[in-house]
Amino acid sequence: MTRPGAIASIARRISRRLLMELLLSLREEMDSALREALEVLVPGLGEESISRAVFGPTKSPEHGDLATNAAMVFSKEHGRKPREMGEELAARLGEHRFVESAEVAGPGFVNVRLSRAAFVHVLHCIGELGENYGEGTLGQGESVLLEFVSANPTGPMHIGHCRHAAVGDALARLLRAAGHDVTTEFYINDAGTQMEALGESFRQRCFEAAGMPADAEGTQYTGEYLAEFARDFVAGKCVEELQGMAVEDFAQEARDRNLQMIKSDLEHMGVFFDSFVAERDLHESGEVAETLQKLRESGRVYEKDGALWLVTDGFGDDQDRVLVKSDGAPTYLVPDIAYHHDKFKRGFGRYINVFGADHGGYPPRLRAGISHLGHDVSRLTILLLRLVFLLREGKRVKFSKRAGNFVALADVVEEAGSDATRWFMLSRSVDSELEFDIDLAREATNRNPVYKVQYAHARICSVERKGRGAKLRAAEPSGQVLERLSAQVERDMVLALAQFPEIVERSARELAVHHLPAYLLHLADLWNSYWSLARTEPGMRILREDDRELTEARLLLASALRQVLANGLGMMGIAAPRKMLREEEDA
RNA sequence: GCGCCCGUAGCUCAGCUGGAUAGAGCAACGGACUUCUAAUCCGUAGGUCCCGCGUUCGAAUCGCGGCGGGCGCGCCA
């Protein structure tokens, strides 16, 4: 059954996709211009070599808008002088319609000043692609299974999970934007000894809540949340009923309640999963047993000291690992390999796992197991996220799970809000530890980058509203319109907007989420500077009653900027508000 | 001891496959509110890019060797 709107929606998506392939980004246009020029200048240059030469933004306006190092890269291996090659390259590039002038500078850079047509092109792309501007075709529809968070259903999530949730969700959005077909998955560790311990802990809590003799302190999980679950659970139940329950029943109940709590917490961050896979199901379906059997058949296991060992040689591990202990019980490794066996059997193009860096020793043995099952382990990428520290009043809050005084994800999100929490969790490279300054995150001032960016977006919406009130609309991009956007800031803004697609592509390629917030902050700064020019120079106001043409040109630039801010925030899972109330108006 | 990550401005961190005078945010200092939302802007100051050697026309970036910090190296999960 197809809903009426669905076809139109699909048609729209297809045409956007087509448009995207026809409408190359400025960078793509310039790169292909460079390739064409190089193919003529340096015949026989392979694809491999050509890709080493690219255009990049310049640091100073004196060097034009874009620069390439191509002449320096290739002159050496072809026994030419860099500047001489640069001259030839510049001459060729100068013929391109997006190039106003190209000249050699320094040791052999070719600096390009872009033509008005190039600027028109950028604004045209943004206008045509709208909310799809920034998306790309890098992924080519390849399917990706992205696993993240996978918090144990034994208790609440802590601040570390916050980073995992934010990063995983943003990666999903980025990969989708880059043209991948992404499925997000949460793995539920609901089997083994920790479930038994959870069951016993919960049973004691229930007995306690029902006024029966109990030993809740002696159990493994002592958090208050279990006691709350217990009070809720025992309400209306008689003593006999509780006494008649097996540990497994208590474990089941606690597991369900914990999972519900985890899902609800993630919901508050706006994080939803496409799929949940339970370890228990892997046991019940025979998947775990099958995996163990297949591992035995692979010949990459052996018996020693009464235990079954997995050969990890060649996968970066420093020793082999036990699969089945001498008491006959499998280690955690077996179901985990089984889970990945299951993943691979589902046939995705690529698998990405987001793990904590404290599991750093884990990928080698996991990869070994998967590989022994005959899967192409190069399709699996494991991302290790470093620790998060909560900073309150300028000091790191000490926390440890054992002491039970950890910082709960739910509390952080409630205190700082989902938007600010996400922003900070995404703002650092995953290889760096992250200091989360909660006082800064909850501040609604200019010190807080997320508000600065959201404010810039809201401000643009505000000026657009005002413009609409006066029947002023954004102009269609054209050479004539661009002629009116001649200020250096305006030039800088268009150039910055042109970078968005490559920022997205690079982020997706590197699985690095932190470029986006840095870029968006830069855009917001540009806009705020632009906006503020009017304070000392009334002619720089966006809305000029005395110059309709200029106003509509500036509204074009403003709306393009709003679009990119909104698209970028969207990829981070952060709202792009159309309005932000000032504190005194906040009622 | 071995493996991975980090070491860049007072603090927290960016610096893409090596590229032109090293950047941002916060903090500091000096300015700007009869606003198209000052939740903002302008300006100033601030760095032996941990150290050494090497590769290169060119190194914060690559290689090697140190130093300092984090994490990981269980028949725990």
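Note on naming: letters A, B, ... go to the chains in the order of the sequence lines (proteins, then strands), and numbering restarts at 1 for each one.
The pair A:Arg80-A:Glu88 meets the salt-bridge criterion, since a charged nitrogen lies less than 4.0 angstrom from a carboxylate oxygen.
Checked against side chain to side chain contact (heavy atoms under 4.5 Å, CB included), A:Asp190 has the following partners two or more places apart in sequence or in another chain: A:Pro153, A:Ile188, A:Met195, A:Arg255, A:Ala278, A:Glu279, A:Arg280.
Here B:G15 is the nucleotide among B:A77, B:G15, B:U12 with the atom lying nearest to any side-chain atom of A:Arg506. Comparing B:C73, B:A77, B:C36 against the side chain of A:Gln194 picks out B:A77 as the nearest. Across B:A20, B:A77, B:C26, the shortest atom-to-atom separation from the side chain of A:Lys452 is found for B:C26. Of all nucleotides listed (B:C13, B:G25, B:C42), B:G25 comes nearest to the side chain of A:Leu521.
Atom CG of A:Leu561 is separated from atom P of B:C36 by 20 Å (rounded to the nearest Å).
Contact annotation for A:Arg396: no contact, since no heavy-atom pair falls under 4.0 Å across all strands. When heavy atoms are screened at a 4.0 angstrom cut-off, A:Asp525 is found touching the sugar-phosphate backbone but no base atom. Nucleic acid contact class of A:Ser326 (heavy atoms, under 4.0 Å, all strands): base.
Pairing of B:A24, defined by two Watson-Crick or G-U wobble distances under 3.5 Å, is identified with B:U12.
A donor N or O paired with an acceptor N or O is found under 3.5 Å between the base of B:A20 and the side-chain atoms of A:Asn111.
Of the residues A:Arg554, A:Arg562, A:Arg473, A:Lys579, the one that meets the salt bridge (Lys or Arg N to Asp or Glu O under 4.0 Å) test with A:Glu464 is A:Arg562.
Residue order along RNA chain B, read from the 5' end via each residue's closest nucleotide, puts A:Ala518 first among A:Arg541 and A:Ala518.
Here A:Tyr332 does not lie in a stacked arrangement on the base of B:C76, lacking the combination of planes under 30° and ring centres under 5.5 Å apart.
Counting heavy atoms of neighbouring residues, nucleotides and ligands inside a 6.0 Å radius, atom CG of A:Asp313 does not exceed 12 of them.
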